[in-house]
There are 2 protein chains.
Amino acid sequence: MLRKRSTIPRKLPQQDRSRLTVEAILEATAHILTEEGYDKATTNHIAERAGISIGSLYQYFPNKESLMAALMEQHSNEIAALVESKLQDLFDAPLEIAIPELVRAVIAAHAINPRLHQVLNEEIPRSERLQQMQKADEHIAKLLGAYLRRWSDRIHPQNLEMTVFILSRTVESLCHSAVIEHPSFVSNSQFEQEVSNLLLLYLTRA
Amino acid sequence: MLRKRSTIPRKLPQQDRSRLTVEAILEATAHILTEEGYDKATTNHIAERAGISIGSLYQYFPNKESLMAALMEQHSNEIAALVESKLQDLFDAPLEIAIPELVRAVIAAHAINPRLHQVLNEEIPRSERLQQMQKADEHIAKLLGAYLRRWSDRIHPQNLEMTVFILSRTVESLCHSAVIEHPSFVSNSQFEQEVSNLLLLYLTRA
DNA sequence: GTATAATACGAGTAATTACTCGCGTCTGGC
DNA sequence: GCCAGACGCGAGTAATTACTCGTATTATAC
């Protein structure tokens, strides 16, 4: 239970076998987190599951926190990539098209590995450092802001920053909880329609 | 780091001095959680801050988890009490009155001790047992459901369960994040107006 | 083929921390 | 004033677990 600071990798893998090692470590971490939860995810257990030694793990991750950070980043990127590409595709689409598509994308992104997403968001001890890792959200917020400005003549709420906040929080929170707590909601399309309605009515007052 | 199960108090305080002890323990726990965060909240540190011995702490709480559970319950009850009484007062009030009042109440409830609420929700390791502690939410969901049924002739969304889910999640999530991340939003009334609009437009389509 | 760097290994260490237990003190009822 | 039980005490224990370090193995450059 020593404390260290750096979140960056201790050493970058240079040969193929070490790249495989790093991959195996991340895969094992994700697997254990999803299947057994955070408190079973000891570094020794992760190394064992990855089929490598504990020493090798610490050759690439200076401490446990950096390992979790790396996994969070990887997972965030996967989700963000989906949503971002959708947002860019929809930049010129009107609200009535874009919002439902966005909601669909966010739900789909959360459905990739809901349990991992949950553990990453709710179980992992959130040190100061890890708090800031929500930069994925921030980038999406930026894109969303750009989109809303693009269509600002059709949007009623005037405070752009607040609107972005309300929109992104609402979508994220609803999709996240729904995937975890109400899988039945997600399987048919009623839920995404309702969420889309919620947002569309707010934005357009129509 | 031993593991135990029971979340119920080991022993009920019977004399006044022990009731004071229990109070002091809970107060110290809340104080340390808000000021220093979860990982500084060791049982020994809590006992020290409470001005009692570690042995006394374990006379009333069989393990650390039960202590956290007790604090969560106390805090949940404080919040729920506010929201519930508002909901009951507003049972016969139309949506246009009730929804803004509800939003105000939820914001006010979250503003009591935002940092404690955050730590309780985000930092404390969520064992299976603690997950279910969200019964406060459930009770509020019931009341909200009753209210919506009472006014169902003025409400468009037909799936009551889903509507309750969407409403409660949205309010909770927006108020929670706003209080923590955007205190400036909360200080003027624009934010609560926007949130009220979001929900009202969705419910009434007007 | 050899030198050098990269990678892998894993038994061991140090630090933390939840929790116990035996004993001392206080309180209330009689 | 005495006694039984409630309450308080805190040094010590046991278990866990993140992390090190000296050594062995493998790849690459020449």
Side-chain angles (χ1 to χ4, degrees), chain A residues 1-25 28-29 32-33 36-71 124-125 127 129-130, chain B residues 1-25 28-29 32-33 36-71 124-125 127 129-130:
Chain A
M1 296 219 171
L2 304 178
R3 303 279 159 75
K4 282 281 179 64
R5 298 291 151 77
S6 174
T7 290
I8 63 171
R10 162 168 301 179
K11 183 189 281 189
L12 289 174
Q14 306 200 339
Q15 304 178 353
D16 279 346
R17 57 178 170 156
S18 58
R19 270 183 286 271
L20 285 178
T21 301
V22 170
E23 257 181 61
I25 292 170
T29 307
I32 291 174
L33 284 178
E36 309 181 50
Y38 181 75
D39 44 285
K40 291 290 187 310
T42 67
T43 49
N44 288 286
H45 189 195
I46 290 171
E48 188 185 24
R49 158 97 205 172
I52 55 125
S53 89
I54 182 63
S56 298
L57 189 154
Y58 279 95
Q59 218 149 50
Y60 302 102
F61 301 96
N63 50 56
K64 190 177 180 178
E65 189 184 357
S66 72
L67 172 54
M68 294 301 153
L71 187 64
I124 292 186
S127 51
R129 195 161 299 270
L130 283 184
Chain B
M1 297 218 170
L2 303 178
R3 304 279 159 73
K4 283 282 180 63
R5 297 291 150 75
S6 173
T7 290
I8 63 172
R10 163 168 300 176
K11 183 190 281 188
L12 290 174
Q14 306 198 338
Q15 303 177 354
D16 278 346
R17 56 175 171 157
S18 58
R19 272 183 285 272
L20 285 178
T21 300
V22 170
E23 258 180 61
I25 293 170
T29 308
I32 290 174
L33 285 179
E36 309 182 50
Y38 181 76
D39 44 286
K40 291 290 186 312
T42 68
T43 49
N44 288 285
H45 189 195
I46 290 171
E48 188 186 23
R49 158 97 204 174
I52 55 127
S53 89
I54 182 63
S56 297
L57 189 155
Y58 279 96
Q59 219 150 51
Y60 303 101
F61 301 95
N63 51 56
K64 190 178 180 178
E65 189 184 355
S66 72
L67 171 55
M68 295 301 154
L71 186 64
I124 292 187
S127 51
R129 196 161 298 271
L130 284 184

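Quantities reported herein were computed from a predicted structural model and do not represent experimental measurements. By convention in this document, chain letters (A, B, ...) are assigned in the order of the sequence lines, proteins followed by strands, and residues within each chain are numbered from 1. What's counted below: heavy atoms across the whole structure, side chains too, no hydrogens, waters or symmetry copies.
- For the pair B:E36 CD and C:dT17 C1', the computed distance is 16 Å after rounding to whole Å.
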Polar-atom pairs under 3.5 Å, protein N or O versus N or O of nucleotides 10-13 of chain C: list them with distances, or write none.
{"unit_1": "C:dG10", "atom_1": "N7", "unit_2": "A:S53", "atom_2": "OG", "d": "3.3"}
{"unit_1": "C:dG10", "atom_1": "N7", "unit_2": "A:G55", "atom_2": "N", "d": "3.2"}

Item to complete: Would you sort out whether A:R19 and A:D16 count as a side-chain contact (heavy atoms from CB on, under 4.5 Å), showing the intermediate values?
Response: CA-CA 5 Å; A:R19 270 183 286 271; A:D16 279 346; 3.0 Å; yes

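- Distances shown here put a side-chain N or O of A:T21 below 4.0 Å from the OP1 or OP2 atom of C:dA8.
- For A:K64 (side chain) and A:A41 (main-chain N/O), a donor-acceptor pair under 3.5 Å exists by modelled atom type.
- Mapping A:T42 and B:G51 onto DNA chain D via the closest heavy atom, the residue that lands nearer the 5' end is B:G51.
- Side-chain contact between B:Y38 and A:P125 is absent, with no heavy atoms from C-beta onward closer than 4.5 Å.
- Atom CG in A:L57 sits roughly 11 Å away from atom P in D:dT20 (whole-Å rounding).
- Nearest heavy-atom pair, A:H45 versus A:K40, reported as atom, atom and distance to 0.1 Å: ND1-O, 2.9 Å.
- Exactly one of B:V22, B:L71, B:I46, B:T29 qualifies for a side chain to side chain contact (heavy atoms under 4.5 Å, CB included) with B:F61. That residue is B:V22.
- Computed from coordinates, the B:K40 NZ to C:dT17 C1' distance equals 14 Å when rounded to whole Å.
- Rounded to a whole Å, the CD1 atom of A:I46 is 8 Å from the P atom of D:dA18.
- For A:Y58, the side-chain atoms get nearest to D:dA18 when compared with the rest of D:dA18, D:dG8, C:dC19.
- Atom C1' of nucleotide C:dA8 and atom CD1 of A:I25 are separated by 11 Å, given to the nearest angstrom.
- Side-chain contact between B:L67 and B:Y60 is absent, with no heavy-atom pair separated by less than 4.5 Å.
- Between the NZ atom of A:K64 and the P atom of C:dT16 there is a distance of 17 Å, rounded to whole Å.
- Nearest-nucleotide positions on DNA chain C place B:A41 closer to the 5' end than the other of B:A41 and B:Q15.
- Annotation for A:Y58 and A:T43: closest pair OH-CG2, 3.2 Å, computed over non-hydrogen atoms.
- Dashed line: the shortest gap from a side-chain N or O of A:S18 to OP1 or OP2 of C:dA8 is not under 4.0 Å.
- Here C:dA15 presents its C1' atom at 15 Å from CG of B:D39, a figure rounded to the nearest Å.
- The separation between B:Q59 atom CD and C:dC19 atom P is 15 Å, rounded to whole Å.
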